[in-house]
Amino acid sequence: MSKFVLSLHTSVADQHCLQNLSRFAHAALQSGHQIDCIFLYQDAVSHASEHLQLASDELDVKSVWQTLAELGIPLMLCVTAAEKRAIDINNTGLFKVAGLAEFAMLSAKADKWVQFK
Amino acid sequence: MSKFVLSLHTSVADQHCLQNLSRFAHAALQSGHQIDCIFLYQDAVSHASEHLQLASDELDVKSVWQTLAELGIPLMLCVTAAEKRAIDINNTGLFKVAGLAEFAMLSAKADKWVQFK
Amino acid sequence: MKNVLIISHKSPFDGLYIRDALDTTLIYAAIDQNVSWLLLDSALLAIKSTQSAAHLGLKDFFKTIKTLEIYDVEQVYVCELAMQKYQLDQQQLSIPVTVLSKSQQQALLQQQDMVVNL
Amino acid sequence: MKNVLIISHKSPFDGLYIRDALDTTLIYAAIDQNVSWLLLDSALLAIKSTQSAAHLGLKDFFKTIKTLEIYDVEQVYVCELAMQKYQLDQQQLSIPVTVLSKSQQQALLQQQDMVVNL
Amino acid sequence: MNINTVHMLSKPYSYYSTIQLDKLIASNDALLLIGDACYDHASYMGLSDKCYMLESCATARAISVDTGINLISDIEWVALVDNAKKSITW
Amino acid sequence: MNINTVHMLSKPYSYYSTIQLDKLIASNDALLLIGDACYDHASYMGLSDKCYMLESCATARAISVDTGINLISDIEWVALVDNAKKSITW
């Protein structure tokens, strides 16, 4: 059993990248590993915005995150990255507002950090 | 005298690109040209979010747009691009919500379309 | 009526670039401009046939590309070098295209009144 | 304590990439990890001296780069080929660096426990 | 087989030309192609003798399998990363 | 001097390697370097005999002027674009 942290770096417009992260996370849990955190950094902070409006034939981004949250994976976003990208840090839905230092400490204790971009 | 339309394609995190667009717009007006529209497309729709929080030593993005609006330049954003990027289309500040078709028609009547990215 | 060229040069699933270019091309056709679409390098792969974005749980924009024919957008250009690089021939593409050499692409750019790089 | 390497490969004003990499490097130093920063290709230009982002009305992050020394981040690596390409020598850089050949960069990557590409 | 680094790539090879990837990949490293990198497997194959491709990404793009490249499932993807010392996402 | 296309570039030359810019620029075109393209003026100069660089962008980057490249103000930038048939932002 390994401890993973995952980070996402691409904006909410990159649905394929989110899908890849989600597939990896599910497969990691199925394989008996632990995921200590999924961290939104750089342009990925836009995933914390509550204003996404997609047609029904698009990936259901909201439900992808809901499922990951229900599996008990802590979801966090980088507050300074969010402020610089005009994300409302008072309404971040499933994501906990965190500092980069908080994530760095989690990553230092983890066995593996996998970036998705 | 020429009629210009300008479009911005990079997110609110790219302050240099905004600064270049702004310098071009001011110089165009000083030279006696007309700017029929500045259009936020692709990732630039994040400029319409009201949640930007920058330190005082950063470019004052809000006042750059305020100045352009006061010069009488119509500021517009692409609604479908905004919806796919989780921008709140009910609170877009100085920017008028518009369709891509509306901008395309303005561009077809203009002498020059300059993209900034 | 203006000669408007839309250029794409990102791979199919890189952000929304191909989808934005497709939207823009269709809109210029709808407002009766003489619109063309040039697919450079890996953007060519967006018109490779028999692909399925739905297999990844994503919107199947490969199907939307076929609406170009409905809107009478006939001027779709691809790069000869990209065809070779990705070992594609015209039978493997989802829509009819014109294959251009680099010098023909240069000439295409020269003819335009507006060029939009997306 | 982990060997953590931050990699940058975008030019200085391309989005916030260099600033993000700098923040991350400083944070890992602050939490006592053995952190290094590798500047590939045009990322090297971020440490060219006598530049002024303030001249463009932008935040002068070139100054922030000097805080690396205050936090005792001494392992800053740049690519030999990039030094040649941009015709820079070490006297023209704002901080002390180690210049690496491509094979030395490969060895640097091998030694790390974590590599973060920003 | 001890893998030091899994290099994860999601774009065609030319996208990474400024990085000069070929010189950074060591003989005990593996390549994993996901997303749009799968289209360009021919360019990647020469860079490492341990070259993997995510099966779902290849199938969606109607890419037929070459010898010399290993198609893997999501579960195998996790195992590949877990068994290596680390991964780098380019 | 009739310019057909002003090619606006804001990144180092290698950033555009997939596009093969050199083959798309015609003899009656001009190049305009802004932003981070200014760092790499040496790579761009061979591509056109009409090569311009935005003065404010060059100054901020401590770039000294080469012969063969024209430093221009914002007002001259607008005139350059206005006098050409069109511009392309790469």
Side-chain angles (χ1 to χ4, degrees), chain B residues 2-14 17 20-21 24 28 33-49 76-87 89 96-117, chain C residues 1-41 43 46 53 56-61 64-65 67-68 70-73 75 108-118:
Chain B
S2 297
K3 285 155 72 100
F4 283 83
V5 294
L6 311 182
S7 62
L8 184 62
H9 299 259
T10 56
S11 94
V12 71
D14 192 339
C17 192
N20 284 340
L21 175 143
F24 186 91
H33 300 302
Q34 181 180 322
I35 300 176
D36 288 344
C37 174
I38 299 178
F39 186 64
L40 304 182
Y41 193 39
Q42 300 188 310
D43 289 344
V45 293
S46 61
H47 276 278
S49 166
M76 294 171 21
L77 88 159
C78 177
V79 60
T80 43
E83 286 174 343
K84 285 180 183 146
R85 286 164 182 87
I87 301 301
I89 56 166
K96 188 191 141 209
V97 172
L100 185 56
E102 197 173 338
F103 175 72
M105 281 186 271
L106 283 175
S107 75
K109 283 183 222 146
D111 299 301
K112 297 272 159 31
W113 173 0
V114 186
Q115 294 183 285
F116 289 83
K117 54 161 71 178
Chain C
M1 195 176 72
K2 283 191 161 135
N3 296 324
V4 181
L5 177 71
I6 315 299
I7 299 181
S8 291
H9 56 87
K10 304 260 191 183
S11 62
F13 293 89
D14 189 345
L16 296 169
Y17 293 102
I18 293 288
R19 291 172 58 182
D20 290 339
L22 179 62
D23 287 352
T24 305
T25 303
L26 291 171
I27 291 248
Y28 276 96
I31 63 166
D32 295 320
Q33 305 297 310
N34 182 31
V35 66
S36 309
W37 189 14
L38 173 62
L39 301 158
L40 294 175
D41 196 56
L56 296 164
L58 305 174
K59 181 187 165 77
D60 223 328
F61 63 92
T64 321
I65 284 175
T67 58
L68 286 167
I70 300 167
Y71 284 86
D72 291 325
V73 177
Q75 299 171 94
L108 180 70
L109 293 186
Q110 293 277 303
Q111 292 156 20
Q112 306 302 317
D113 300 310
M114 271 182 183
V115 177
V116 189
N117 179 29
L118 290 174

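Predicted, not measured: the structure shown is a model, and the values here were computed from it. Heavy-atom basis, side chains included; hydrogens, waters and symmetry copies ignored. Within every chain, numbering begins at 1; the chains are lettered A, B, ... in the order of the sequence lines, protein sequences first and strands thereafter.
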Quiz item: Which atoms of C:Val4 come close to chain B, meaning under 4.5 Å heavy atom to heavy atom: side chain ones, backbone ones, both, or neither?
Solution: neither

Quiz item: Hey, is the main chain of B:Ser46 close enough, under 3.5 Å, to the side chain of B:Ser49 for a donor-acceptor pair?
Solution: no

Quiz item: For C:Leu26, is it the side chain, the backbone, both, or neither that has a heavy atom closer than 4.5 Å to a heavy atom of chain B?
Solution: neither

Quiz prompt | Shortest non-hydrogen contact between B:Ser11 and B:His47, atoms and distance | solution = O-NE2, 3.7 Å

Quiz prompt | Smallest separation among heavy atoms of B:Leu8 and B:Ala44, with atom names | solution = O-CB, 3.0 Å

Quiz item: So which residues of residues 7-14 of chain C are in contact with chain B at a heavy-atom cut-off of under 4.5 Å?
Solution: none

Exercise. Could you check C:Gln111 against C:Asn3 for side chain to side chain donor-acceptor pair (under 3.5 Å), going step by step and ending with a plain yes or no?
Key: CA-CA 7 Å; C:Gln111 292 156 20; C:Asn3 296 324; over 6 Å; no

Exercise. Check for a donor-acceptor pair, side chain of B:Asp43 on one end and backbone N or O of B:Thr10 on the other, with a separation under 3.5 Å.
Key: no

Kindly list each side-chain donor-acceptor pair under 3.5 angstrom involving residues 99-117 of chain B, sequence neighbours excluded, with atom names and distances?
from, atom 1, to, atom 2, distance (Å)
B:Glu102, OE2, B:Lys96, NZ, 2.5
B:Ser107, OG, B:Ala104, O, 2.7
B:Ser107, OG, C:Tyr28, OH, 2.4
B:Asp111, OD2, B:Lys3, N, 2.7
B:Lys112, NZ, F:Asp82, O, 2.9
B:Lys112, NZ, F:Ala84, O, 3.1
B:Trp113, NE1, B:Ser7, OG, 2.8
B:Gln115, OE1, C:Asn117, N, 2.8
B:Gln115, NE2, B:His9, NE2, 3.2
B:Gln115, NE2, C:Asn117, O, 3.0
B:Lys117, NZ, C:Asn117, O, 2.8

Quiz prompt | Heavy-atom closest pair, residues B:Ile89 and B:Glu83 | solution = CD1-OE2, 3.6 Å

